[in-house]
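Before any comments, here is the structure.
Numbers for residues simply follow the sequence, beginning at 1. The figures here come from the full heavy-atom set of this structure, side chains too, leaving out hydrogens, waters and symmetry mates.
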Amino acid sequence: MAGPRTFTFLGTGTSVGVPMVGCDCEVCRSTNPRNQRFRCSVLIGTPQGNILIDTPPELRLQLLRENVKAVHAVLFTHYHADHLFGLDDVRPLCRYLGGPMPIYCTGEVEDKIREAFSYVFDRDAEFLPAGFIPRLVIRSISEEPFTVLGERIVPIPLLHARFNVLGFRIGDVAYCTDVNRIPDRSWPLLQGLRVLVIDGLRQRPHPGHFSVGEALEVIARVKPEKAYLTHMGHDLEHEATNRALPQGVELAYDGLNFNF
């Protein structure tokens, strides 16, 4: 390992965020900043640069809050709007990068990017002045490990109802958002973890996400040294939920970071 790496939770909320529009529940009215959750994204800081996982709608606000000046590559877990629709916010990052932003995603995600952001790929796009559109270079990935900024990235196939999702493992840390079932072939990829970040939407079951109880079952099987729940809805009050979790398991919150 060339040097220390950092893991920062840019957002830890479910697809509608917390607070949710139109809701007056206790969590949505909470003044505790740990109950205020942007849509999910994380930033991996490495000796060679920053790797962003997903581009949620609040990406600009997340990067400003964490004073992130540069991103050198973007990985996508899947194509749902809460993980993709902030992609245009990489425009100024491309300028600082001095070239197109490398985008690592499956062919399925690439198709949705080309559909949702078709203006980026128009024939005349290359003639537009710098900063008009995000400059992207898409690098296709599969379930095979690949390297970004000198880091070996291991994709972890996951199921999110009927949708395909990739978790990512870097060293002894795995990030598995938007999942309600782990395929048999993926369990070996979760062995020997120091930190597991896992979907834990709410206490009640959900057809596309692990509940807190289901996430705890995964954690008990994987046995990481530390586990964080993410992609949380407004059912989970931060302090009360944390008090009920077993030792070594916590709710993540926006801005939380650790070294690995």
Side-chain angles (χ1 to χ4, degrees), residues 7-42 53-59 61-62 65-66 77-86 156 158-167 174-182 190 195-222 224 226-258:
F7 186 111
T8 302
F9 290 92
L10 299 179
T12 58
T14 187
S15 59
V16 294
V18 182
M20 184 175 72
V21 172
C23 183
D24 292 320
C25 75
E26 179 183 358
V27 174
C28 286
R29 290 184 290 107
S30 173
T31 58
N32 182 347
R34 296 184 181 183
N35 282 322
Q36 297 165 7
R37 302 167 182 139
F38 285 155
R39 268 67 72 92
C40 278
S41 180
V42 300
I53 301 181
D54 290 336
T55 58
E58 296 96 350
L59 180 61
L61 299 177
Q62 294 172 341
R65 185 195 69 216
E66 300 301 324
T77 60
H78 64 304
Y79 61 74
H80 286 171
D82 54 319
H83 294 259
L84 173 61
F85 276 19
I156 304 168
L158 305 170
L159 291 173
H160 174 35
R162 64 180 180 84
F163 301 99
N164 297 312
V165 172
L166 288 180
Y175 179 69
C176 299
T177 184
D178 289 59
V179 52
N180 73 311
R181 189 165 73 83
I182 299 175
L190 298 172
V195 179
L196 172 63
V197 180
I198 189 78
D199 187 354
L201 178 69
R202 63 189 190 189
Q203 299 290 358
R204 294 172 291 125
H206 185 277
H209 296 271
F210 281 140
S211 66
V212 171
E214 290 166 334
L216 291 177
E217 290 176 3
V218 173
I219 293 165
R221 177 171 172 177
V222 173
K226 184 76 176 180
Y228 294 102
L229 303 188
T230 193
H231 209 288
M232 296 162 292
H234 63 167
D235 301 70
L236 301 182
E237 198 284 323
H238 185 86
E239 306 299 342
T241 306
N242 263 350
R243 285 194 295 269
L245 292 174
Q247 185 175 3
V249 182
E250 297 178 16
L251 298 188
Y253 56 86
D254 293 20
L256 172 67
N257 64 80
F258 60 84

* Approximate separation, where rounding is to 0.5 Å, of Thr77 OG1 and Leu158 CG -> 9.0 Å
* **Asp199 (side chain) donor-acceptor with Val179 (main chain) under 3.5 angstrom** => yes
* Taking it one step at a time, do Ile53 and Phe7 satisfy side-chain contact (heavy atoms from CB on, under 4.5 Å)? -> CA-CA 11 Å; Ile53 301 181; Phe7 186 111; 5.8 Å; no
* More than 12 non-hydrogen atoms from neighbouring residues, nucleotides or ligands closer than 6.0 Å to CD on Glu239, yes or no? -> yes
* Heavy-atom side-chain proximity of Val195 to Phe258 below 4.5 angstrom -> yes
* To do: Would you give the length of the straight line joining atom CD1 of Ile182 to atom CD of Glu217, rounded to the nearest 0.5 angstrom?
  => 11.0 Å
* Structure fact -> Between the CD atom in Glu214 and the CZ atom in Arg181, the distance rounded to the nearest 0.5 Å is 12.5 Å
* So, Gln62 side chain and Arg39 main chain: donor-acceptor pair closer than 3.5 Å or not? -> yes
* Is the Phe163 to His78 ring centre distance short of 6.0 Å? -> no
Using residues 243-254 as the side-chain source, report each donor-acceptor pair under 3.5 Å to any protein atom, sequence neighbours left out, with the distance given to one decimal.
unit_1 : atom_1 : unit_2 : atom_2 : d
Glu250 : OE2    : Lys226 : NZ     : 2.6
Tyr253 : OH     : Arg34  : NH2    : 3.3
Asp254 : OD1    : Thr12  : N      : 3.0
Asp254 : OD1    : Thr12  : OG1    : 2.7
Asp254 : OD2    : Phe38  : N      : 2.7

* **Polar side-chain atom of Asn180 near backbone of Ala161 as donor-acceptor pair, under 3.5 Å** => yes
* Could you give the distance from CG (Leu236) to CG (Asn35), rounded to the nearest 0.5 Å? -> 9.5 Å
* To do: Taking Ser41 for its side chain and Asp54 for its backbone only, find out whether a donor-acceptor pair lies under 3.5 Å.
  => yes
* To do: Of all the heavy-atom pairs spanning Pro19 and Cys28, show the shortest one and how long it is.
  => CB-O, 3.3 Å
* To do: Using modelled atom types only, decide if a donor and an acceptor are shared between the side chain of Thr14 and the backbone of His231 within a distance under 3.5 Å.
  => no
* Structure fact -> Tightest non-hydrogen contact, residues Val212 and Gly200, listed as CG2-O, 4.4 Å
* Enter the distance from Cys40:SG to Met232:CE here, rounded to the nearest 0.5 Å. => 7.5 Å
* Would you please test Ile198 and Leu229 for side-chain contact (heavy atoms from CB on, under 4.5 Å) and show each step? => CA-CA 5 Å; Ile198 189 78; Leu229 303 188; 3.5 Å; yes
* Please test Gln203 against Asp235 for side-chain contact (heavy atoms from CB on, under 4.5 Å), starting from the C-alpha separation and ending with a verdict. => CA-CA 7 Å; Gln203 299 290 358; Asp235 301 70; 5.8 Å; no
* Are His83 and Asp178 close enough, and set up right, to give a side chain to side chain donor-acceptor pair (under 3.5 Å), and what steps lead you there? -> CA-CA 10 Å; His83 294 259; Asp178 289 59; 3.0 Å; yes
* Asked: Is the shortest heavy-atom distance from the side chain of His234 to the side chain of Cys23 under 4.5 Å?
  -> yes
* Asked: Can you tell me how far the CZ atom of Phe85 sits from the OG1 atom of Thr55, to the nearest 0.5 Å?
  -> 9.5 Å
* Asked: Between the side chain of Thr241 and the main-chain N/O of Glu237, is any donor-acceptor distance below 3.5 Å?
  -> yes
* Asked: Considering all heavy atoms of both residues, which atom of Leu190 and which atom of Cys176 are nearest to each other, and what is their separation?
  -> CD2-SG, 4.2 Å
* Asked: Okay, side chain of Arg37, backbone of Gly233: is any donor-acceptor separation there less than 3.5 Å?
  -> yes
